[in-house]
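For reference, the structure discussed in these notes is given below.
All values derive from a computational prediction rather than experimental measurement. The first residue of the sequence shown is numbered 1, and numbering continues consecutively from there.
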Amino acid sequence: MLKQQARLLNAALFVLDLALVAAAAVVAHGLRSVVLPAILPALFSEHFYPLRAYLPLVPLAVSIWAALLLVLGEYRSHRTVPLLDEAWDVVRASITGSVIFTLAIYVFRLDEALLGEDLISRSWILLFSALACLFVLAEKVALRLTSRYFRASGYNYRTVVIVGTGASGQMIADSIREHRFWGFRILGMIESGSESDAETPPLLPVLGKIEDLPRIVENNIVDDVIFAIGRRDLDRMEDLFLSLQERGIRTRFALRLFPHTPAKVELEELDGLPLLSFSPAPNGVVALAAKRCLDIALSTLLLMLGLPIIVVIAAAIKISSSGTVLYRQTRCGLNGRLFTMYKFRTMEEGAHDRRRELLALNEMTGPAFKLRRDPRVTSFGRFLRRSSLDELPQLWNVLRGEMSLVGPRPPMPEEVAQYQPWQRRRLAMKPGLTCLWQISGRSDTRDFNQWMALDLEYIDSWSPTLDVKILLKTIPVVLSGKGAS
């Protein structure tokens, strides 16, 4: 019964989404033909083709959006899916749909084929695309908030049985009770008979042992069974799992395959084959897209505003010492990808060849090389380093996507070759201009392991908000020249 209701609800939502897309086309026509000419008469003419001229294109748009929404899985259960992830799926569908719709019109000349002449307004296409995204997004948000309210009030819930009374089972139970809007009601817990079962009685009622599970689901209303068990228990649970599937009961496995790893776990699909992915770095599509947008916007702005300074610095380098203005060096980027990093030259020409002579004076532990009073640095170069102006050209690396504004500093390949295995994880995130190390003393931090620990701390706790905080804290550090060498 519940599954039939779910199918009917999903079908109704599908029809509603398509109706909203069609409505967006009509509203966009009204805005373009009536509202915009009244507000901006200089840009938009009052003479606009009637709505009936555009209606033949609506079925095409609706078909495109329907296919994309189905492919992105918008009609599966979203009880425990973050609202931001669902919203991003809608935005992706709208952007992709808009591109396909526009290409279909102009590449295949559908306007002439359907209407006999070129009638399609670009402003109408932009308005339609924006409104289709806005309408569907508003519907999803309203539906999510409404369903959360009813679930928190005790309606539309699913009854859950948890197999395993150990730490994992208790953690699942606590999460379900803390998130009432998920719409799960715990019937009780079942002892799995494994070593992971808790010796102390859990707070929830224990319904019986693992062999009692068939009787329990037969005598009670049970929608979901969650197995909070260990790897060694999987084989002996197979028959029980298959019997639950035969009864039409959804089963979930809460497996902590590698409990000591900090990697984030994700279930993916490769051509129908389920894959359990362990990500050692952040992989949220929305958050990383926001990070990239911030990189592009700020690096572009800083390059434009800093252009006069860049010209002055280039001229000063040419006048003060012989050699090139820019220093190019191969560095390791994301997951060890090699790229050319740009800096203003702060050393004498050929300084890299003299590095071996100075290795004995290295003030940094580990493979990194840091020397506070490096004799190869020119007088103007010292000023550039203290003010961090030597790193201005790296904004070009940020704009190209090789670096980010915030991230672990890009190491040299010879340094990476000496890394210990745990230190290589700092390469799991795109390198940056600044990071926790920069705002924690930069060259004053001489312990290489401490430097690596700060980078890993950044990766494990990353969020767009953390990036903004680091950028804001970098400004006074750069202005004061603290820790620069």
Side-chain angles (χ1 to χ4, degrees), residues 68 72 81-100 102 126 129-130 133-134 137 263-264 266 268 277-307 310 330-343 388 391-411 424-439 454-475 478:
L68 290 170
L72 289 173
V81 176
L83 179 58
L84 202 59
D85 289 353
E86 186 178 6
W88 174 242
D89 284 342
V90 173
V91 173
R92 277 198 300 164
S94 300
I95 294 174
T96 308
S98 302
V99 172
I100 296 174
T102 305
L126 289 174
S129 302
C133 178
L134 184 63
L137 195 59
K264 298 170 180 62
E266 237 182 24
E268 299 177 322
S277 302
F278 293 82
S279 177
N283 59 353
V285 176
V286 179
L288 290 176
K291 180 179 177 69
R292 182 59 186 150
C293 289
L294 181 66
D295 286 344
I296 294 173
L298 274 184
S299 59
T300 302
L301 178 64
L302 291 174
L303 281 172
M304 292 174 61
L305 295 177
L307 187 59
I310 292 173
T330 300
R331 295 291 181 107
C332 290
L334 181 64
N335 292 326
R337 290 174 174 82
L338 300 180
F339 72 97
T340 301
M341 189 186 76
Y342 300 94
K343 294 181 70 173
S388 296
E391 297 182 0
L392 268 178
Q394 289 170 44
L395 291 171
W396 178 245
N397 291 117
V398 175
L399 201 57
R400 284 163 56 95
E402 298 160 336
M403 293 177 61
S404 178
L405 290 172
V406 184
R409 288 296 293 161
R424 290 189 65 90
R425 191 161 70 89
R426 74 187 296 263
L427 301 175
M429 202 158 185
K430 193 178 292 185
L433 285 171
T434 183
C435 198
L436 289 177
W437 176 67
Q438 269 72 15
I439 62 176
L454 286 171
D455 285 343
L456 296 184
E457 178 186 341
Y458 167 75
I459 291 174
D460 291 336
S461 58
W462 177 80
S463 69
T465 305
L466 179 60
D467 272 7
V468 174
K469 289 179 180 178
I470 291 175
L471 286 172
L472 293 177
K473 289 183 178 181
T474 300
I475 297 173
V478 169

Which value, rounded to the nearest 0.5 Å, describes the distance between [X] atom [atom1] and [Y] atom [atom2]?
X    : Y    : atom1 : atom2 : answer
I95  : I100 : CD1   : CD1   : 12.0 Å
C133 : R92  : SG    : CZ    : 12.5 Å
I470 : I475 : CD1   : CD1   : 13.0 Å

Do any N or O atoms from the side chain of [X] and from the backbone of [Y] form a donor-acceptor pair under 3.5 angstrom?
X    : Y    : value
R331 : T340 : no
R426 : R409 : yes
D295 : G401 : no

Is [Y] close to [X] at the side-chain level, that is, under 4.5 Å between some pair of heavy atoms?
X    : Y    : answer
R292 : I296 : yes
V478 : T434 : no
L294 : P464 : no
L433 : V406 : no

For [X] and [Y], which heavy atoms make the closest approach, and how far apart are they?
X    : Y    : value
A428 : A281 : O-CB, 3.4 Å
S299 : L395 : CB-O, 3.8 Å
R425 : I459 : O-CD1, 3.5 Å
L338 : C332 : CD2-SG, 3.8 Å
Y458 : D467 : OH-OD1, 2.7 Å
P411 : L427 : CG-CD2, 3.9 Å

For D455 and C435: C-alpha separation, side-chain torsions, deciding distance, then whether side-chain contact (heavy atoms from CB on, under 4.5 Å) applies.
CA-CA 7 Å; D455 285 343; C435 198; 4.0 Å; yes
Name the residue from Q394, M403, R337, E402 that meets the side chain to side chain contact (heavy atoms under 4.5 Å, CB included) definition with P431.
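The single option meeting the side chain to side chain contact (heavy atoms under 4.5 Å, CB included) with P431 is M403.
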Audit row: I310, L303, side-chain contact (heavy atoms from CB on, under 4.5 Å) steps and yes/no:
CA-CA 9 Å; I310 292 173; L303 281 172; 4.2 Å; yes
